[in-house]
Structure formats: C-alpha cells, structure tokens
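Everything below concerns the one structure shown next.
Whatever order the structure lists them in is the order used to number ligands and atoms, beginning at 1. Scope of the values below: all heavy atoms of this structure, side chains included, with no hydrogens, waters or symmetry mates.
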Amino acid sequence: MKAVAIYVGGSTKTSTIEGISIAGSNSQDTLYTPTLDLEYVINGIPITKKEIPVTPNGLPTPAVITRSILKKLNIQYFVVDSGLYYKLKVPHIKIPSSIPGENIYSSNAFPYGTAKNIFEESKLLGEIISSKQDIVLIGESIPGGTTTAAAIMEALGYNALKFISSASPKNPRDLKEKVISNALKRIDPNDNVFSIIDKVGDPVHISMAGIAAGSLKNSSKILLAGGTQMGAVVSILSKLNYLDNRIKIATTSWIAKDKESNIFKLIEQIDKRIEIIVSDINFSDAKYEGLKLYEEGYVKEGVGAGGTMILSKYLGLSVYEIKNSIYEEYER
Ligand code: AAM
C-alpha cells in the first residue's frame with residue numbers, strides 16, 4: 001500500500017477576533033500558527049519564529065503528533081501554502097492564486113473569482129501527487145478554521161453552528177454565531193459554491209476540496225484528516241458533485257467524543273454514507289500534562305494528527321509504537 005501525505009496551511013484574519021481561537025498564544029499570534037506548524041512538520045524546529053505554536057495556556061500544537069509519526073513512516077509528505085499570512089521558510093508547494101482570507105465578520109474573504117482559482121489549481125495538485133498512490137492524506141492548519149468552516153456550511157444550507165468543534169474545551173459558540181450571522185448577511189440567492197467561499201470562506205477548505213477532487217483520478221482512498229472542519233470540505237465536494245465513497249474523514253478520538261460538538265450529526269446531513277474513521281489512540285496514560293489535557297478537550301485535532309495516526313496503523317505501526325514516537329517527540 002503506497003501513501004502520500006499533504007498538509008495545507010492558510011490564514012483567515014477571522015482568527016484575530018479576540019476569543020475566537022486558542023490556536024496560538026494570543027489572537028495576533030494565531031496568524032503565525034499555521035506557518036510555524038508546517039515549518040515544524042518539515043524541519044523539526046519552526047524557522048519564522050523559533051518556537052512551537054502553543055495555546056494561551058502553553059499546550060503545544062498537534063503538529064507534534066503528526067511529525068513524530070511521519071518520522072517513522074516510509075512515505076513522502078509535503079506542505080502546502082494556500083494563503084498563509086507569513087511565508088514559509090521551508091521547501092513547500094504554493095497554490096498560486098491563494099491569499100490569506102479577510103475577517104469574514106466585516107468583509108468578504110477574497111476578491112470575486114479567487115476561490116474558483118484556488119480550487120482548480122489544487123485539483124491539478126491532487127492529480128499530480130496522487131499518481132501511483134493508493135492513499136492520499138490531506139491535513140490542515142488554519143486557526144479560526146472552525147468558524148469559517150461553519151460559515152461555509154451554513155451558507156451551503158447545513159446546520160453547522162450547533163455541531164462545530166473548537167480548539168478550546170469551551171467552544172465560544174455565541175461569538176461564532178455573531179461572526180457567522182453577520183457574514184451570512186452578504187450571501188444572496190444567486191451565489192454559488194465558489195462565490196460563497198469568496199464571501200464567507202477561507203483559503204484552506206476549498207484547497208483541500210480541490211486536492212481531494214484531483215486525487216480521485218488515481219487513488220482508492222482519500223483521507224480528509226481533520227475534525228468538524230472536514231464538514232466544510234465534504235459539503236463543498238458534495239455541491240460540486242465530486243463526493244465519492246473513496247473520500248473519507250479521518251479524525252481523533254478526542255473529536256469523536258467531544259461533548260461540545262458532534263462530527264457525526266454534522267456530516268450525516270451531507271450524506272449518511274460518508275465514513276468517519278476514528279483513531280483509537282488516547283493519552284490517558286501519558287506522563288505529560290500537555291498531552292493528558294487532550295483527554296479533557298484541549299486542542300483535540302489539527303495538522304492532520306488524527307488521520308496521520310490512522311494512516312500509520314494502516315502502514316503497520318502498533319499502538320505502542322505510535323504512542324512511543326509521540327512521547328519521544330514530546331520529550332524532545
Ligand atoms: C492547528 N494548530 C494548533 C491547533 N490547530 N495549535 C494548537 N491547537 C490547535 N487546535 P479553531 O477554529 O478553534 O482555531 O480551531 C482550528 C485550528 O485548530 C486549526 O488550525 C487546526 O489545525 C487546529
């Protein structure tokens with residue numbers, strides 16, 4: 001079984017709204033997080049700032065899980081800039097038309113036409129990277145992504161706000177509702193999938209949808225590696241008629257058991273047949289407080305952590321080996 005993994009990072013200025021995201025040590029730092037996440041995946045140490053992204057209470061990014069496992073696997077992996085606010089200082093793939101998304105509370109995410117270009121370019125990328133690969137894994141890092149994902153889904157006609165997750169154990173749902181309801185005022189009946197993303201979306205979910213659509217050309221399994229945000233990717237694919245049973249969601253146990261969100265109810269509205277694969281890794285026996293807190297709903301998912309753990313099992317790693325590699329990396 002041959003697999004390739006690709007991690008897409010991008011920014012939405014929505015993440016700088018005070019209190020909306022803890023994927024960064026403060027609201028302005030959320031714009032650094034995806035860049036540092038992807039630099040860390042490739043280089044082991046972020047370069048743009050020499051620090052691993054942390055939440056305000058000091059919990060490290062789930063990229064720690066992703067990198068520790070990738071080091072043990074014999075597969076190729078790439079990172080993608082789809083609208084990062086800070087440029088990557090490691091080798092990467094750039095989606096040419098991608099730009100950071102504006103704050104959707106107050107303005108459209110992009111100039112008209114941007115989302116379509118991001119989708120088409122990402123689809124080409126999917127066609128290329130999936131060549132000779134059985135499995136394509138697509139992960140994400142976009143602070144504020146749960147908010148823009150919910151806005152995309154609501155604009156496409158689904159109930160997302162009440163099911164969407166958060167990097168925080170205390171989901172700031174009222175704030176999200178305020179942002180999303182203001183954003184949705186700009187939607188009109190003539191909008192299509194792409195103009196909806198231009199208005200209330202972000203550069204990452206549309207890129208993931210494009211890569212998944214392109215990967216259908218070659219691969220038998222496409223793992224959308226993420227939590228409730230994958231609802232936005234699947235709903236985009238569904239509306240564009242690309243949904244296929246080879247496209248699956250791969251997530252963590254912390255998302256699956258989250259009391260503040262419901263990935264199953266979120267996804268079944270789009271299509272009951274979409275498979276959600278849940279990792280069986282838990283950190284209840286971890287020595288490190290930062291990992292133990294995942295069990296209490298902090299962080300939960302990101303940078304393809306759940307999907308990467310699931311992929312590593314397909315490729316032969318045992319639960320023991322997976323956990324050990326995460327604990328080793330954490331100690332480092
Ligand atoms: C990415 N980097 C992260 C992180 N994520 N570092 C720490 N914690 C996380 N959860 P929200 O919408 O609440 O900001 O959650 C989405 C973000 O959380 C995404 O960037 C995702 O990859 C994850």
Residue pairs fulfilling salt bridge (charged side-chain N to carboxylate O under 4.0 Å, His left out) with at least one residue in residues 263-277, sequence neighbours excluded:
Lys248-Glu275, Asp271-Arg273
Pairs meeting criterion ring-ring contact (aromatic ring centres under 6.0 Å, His included) with involvement of residues 58-115, two or more places apart:
Tyr32-Tyr86
Applying a heavy-atom distance cut-off of 4.0 Å, which protein residues contact ligand 1?
Ser21, Ala23, Thr33, Asp37, Thr61, Pro62, Glu140, Ser141, Ile142, Pro143, Gly144, Gly145, Thr146, Ser166, Ala167, Gln229, Val299, Glu301, Gly302, Val303
For Ser68 and Glu328, which I'm curious about, is there any donor-acceptor pair between the side chains at under 3.5 Å?
no
Contact list for residues 174-202, test ring-ring contact (aromatic ring centres under 6.0 Å, His included), sequence neighbours left out:
Phe119-Phe194
Indicate whether the side chain of Thr228 and that of Ser165 have a donor and an acceptor atom separated by less than 3.5 Å.
no
For the residue pair Glu39 / Thr48, report whether a side-chain donor-acceptor contact shorter than 3.5 Å exists.
yes
